[in-house]
Amino acid sequence: MTTQSTIDALVERLDQAALTGVATPQLSDEHALSLPEAYALQHTLVDRRVARGERRVGVKLGMTSEAKAAQMGVSDVIIGELTSGMLVPDGQMLSMDRFVHPRTEPEIALRLGQTIDPADPPDDPVATVDAVAAALEIIDSRYRDFRFNLADVIADNTSAAGAVLGPWQSLPEDVSDLAVTLTMDGRIAATGSTAAILGDPIRAVEATLRMAATYGFQLPTGTVILAGAATEALALTPDTAVEATVEGLGAARFTTGGGNHA
Ligand code: OOG
Ligand code: MG
């Protein structure tokens with residue numbers, strides 16, 4: 001059992017690390033958090049962003065691909081929250097100043113066209129997806145050396161730091177094996193397939209529902225689901241043009257500004 005005052009102190013640590021861009025030691029160095037405790041901590045952390053004026057806009061899955069799980073040494077699928085302050089308009093410049101050690105990964109985003117009650121899901125949840133887009137996630141662990149165990153990364157809102165959504169498209173019949181390319185300054189930096197995401201990124205809907213029911217996430221109309229990385233994540237460098245393209249879905253782009261935390 002972790003007491004409420006301990007939870008509050010840990011939330012404060014993670015919140016400050018995100019606000020200042022200065023890493024904090026892994027919580028697991030001193031605290032053995034259970035998964036429900038880690039999710040409770042994450043919810044409180046996101047509540048602080050909301051209290052500062054951000055809106056909840058969606059969720060993101062993590063460790064849905066073997067490449068990512070192998071890169072991070074964590075194998076369970078995890079879920080975090082996206083807030084309005086994390087959204088970077090497609091094509092915009094992203095200042096690097098507020099990050100610790102940001103990385104980016106190509107993903108696809110799914111959008112829910114109706115509210116889902118995770119406790120009473122529809123028979124065909126996939127039918128509630130009204131649009132899909134190529135996406136880029138910016139992840140930035142608030143922990144030293146980008147290292148964590150499962151409870152650490154859940155508490156840290158699954159390293160969520162930013163998201164760029166390409167133009168929304170109607171959902172194709174089959175998104176299970178679309179080619180994904182990540183370029184930096186026009187050079188290919190990573191390639192993969194949407195098949196890397198749970199075998200088929202449409203499974204992200206089921207996974208989201210399952211975890212939303214277990215850990216108390218709301219799924220209102222318009223919820224964005226970032227399905228998870230299709231390749232391993234790559235470190236961001238200043239003054240770089242980043243683009244993810246997904247076969248048949250188009251692209252998502254941003255450029256990095258100069259910064260102190262390259
Ligand atoms: C955790 C977040 C993982 C993904 O797409 O697998 C993630 C991390 O690697 O820091 O977003
Ligand atoms: Mg991701």
Side-chain angles (χ1 to χ4, degrees), residues 14 17-18 21 23-28 33 35 38-39 41-42 45-46 57-83 86-88 94 99-110 132-166 175 180 182 189-190 192-205 207-208 211 215 217 223-236 242 244 246 252 254 261:
L14 288 171
T24 191
Q26 286 66 23
L27 306 188
S28 54
L33 296 172
L35 296 194
Y39 277 108
L41 212 149
Q42 180 196 113
L45 189 60
V46 176
V57 297
V59 296
K60 55 151 289 185
L61 300 186
M63 309 305 166
T64 49
S65 97
E66 278 170 27
K68 278 290 312 199
Q71 180 182 23
M72 306 317 301
V74 170
S75 59
D76 292 25
V77 173
I78 55 178
I79 185 168
E81 290 200 86
L82 300 172
T83 60
M86 297 178 194
L87 294 181
V88 181
L94 175 68
F99 298 121
V100 185
H101 35 210
R103 298 177 178 174
T104 191
E105 44 194 26
E107 306 216 357
I108 79 165
L110 305 162
V132 62
L136 280 157
E137 183 177 20
I138 295 105
I139 54 171
D140 189 30
S141 176
R142 269 56 69 163
Y143 300 116
R144 285 182 189 158
D145 308 323
F146 224 115
R147 274 191 308 103
F148 42 71
N149 71 12
L150 195 58
D152 286 327
V153 68
I154 290 166
D156 184 27
N157 196 18
T158 66
S159 308
V164 185
L165 308 177
V175 293
V180 176
L182 178 66
S193 159
T194 55
I197 307 164
L198 296 171
D200 180 344
I202 208 69
R203 298 206 177 109
V205 180
T208 296
M211 287 191 288
Y215 296 113
F217 290 78
T223 292
V224 174
I225 300 174
L226 267 190
T231 69
E232 57 177 4
L234 297 181
L236 281 176
V242 182
V246 181
F254 68 97
H261 295 97

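Starting from 1, each residue takes its place in the sequence as its number. Read the numbers this way: they start at 1 and go in the same order the structure lists the ligands and their atoms. Side chains are part of it too, since the values below use all heavy atoms of this structure and drop only hydrogens, waters and symmetry mates.
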Undergrad: So, the side chain of T104 versus the backbone of E137: is there a donor-acceptor pair under 3.5 Å, distance only?
TA: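 Here the side-chain-to-backbone pair exists.
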
Undergrad: If you look at every heavy atom in M72 and F146, which pair is closest and at what distance?
TA: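 Closest pair (atom of M72, atom of F146, distance): CE-O, 3.5 Å.
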
Undergrad: Taking all heavy atoms of A244 and all of A134, pick out the closest pair and write down the distance.
TA: O-CB, 4.3 Å

Undergrad: Does L27 offer a backbone N or O that forms a donor-acceptor pair with the side chain of D152 under 3.5 Å?
TA: yes

Undergrad: Just one of V224, T208, L226, T158 clears the side chain to side chain contact (heavy atoms under 4.5 Å, CB included) bar with V59, so which one?
TA: T208

Undergrad: Only one of R142, R147, R144 clears salt bridge (Lys or Arg N to Asp or Glu O under 4.0 Å) with D156; which?
TA: R142

Undergrad: So how far is it from E81 CD to T223 OG1, rounded to the nearest 0.5 Å?
TA: 9.5 Å

Undergrad: Strictly under 4.0 angstrom, heavy-atom based: which residues surround ligand 1?
TA: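 Residue list for ligand 1: K60, L61, G62, M63, K68, M72, E105, E107, E137, I139, F146, F148, V153, T158, S159, G228, A229.
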
Undergrad: Does the E105 side chain pair with the main chain of I139, one donor and one acceptor, at a distance under 3.5 Å?
TA: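 It does not hold such a pair.
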
Undergrad: So which heavy atom on L165 is nearest to which on A109, and how close?
TA: CD2-CB, 3.8 Å

Undergrad: Return all protein N, O or S atoms below 2.8 Å from the Mg ion (ligand 2), chain by chain in residue order.
TA: E105 OE2, E107 OE2, E137 OE1

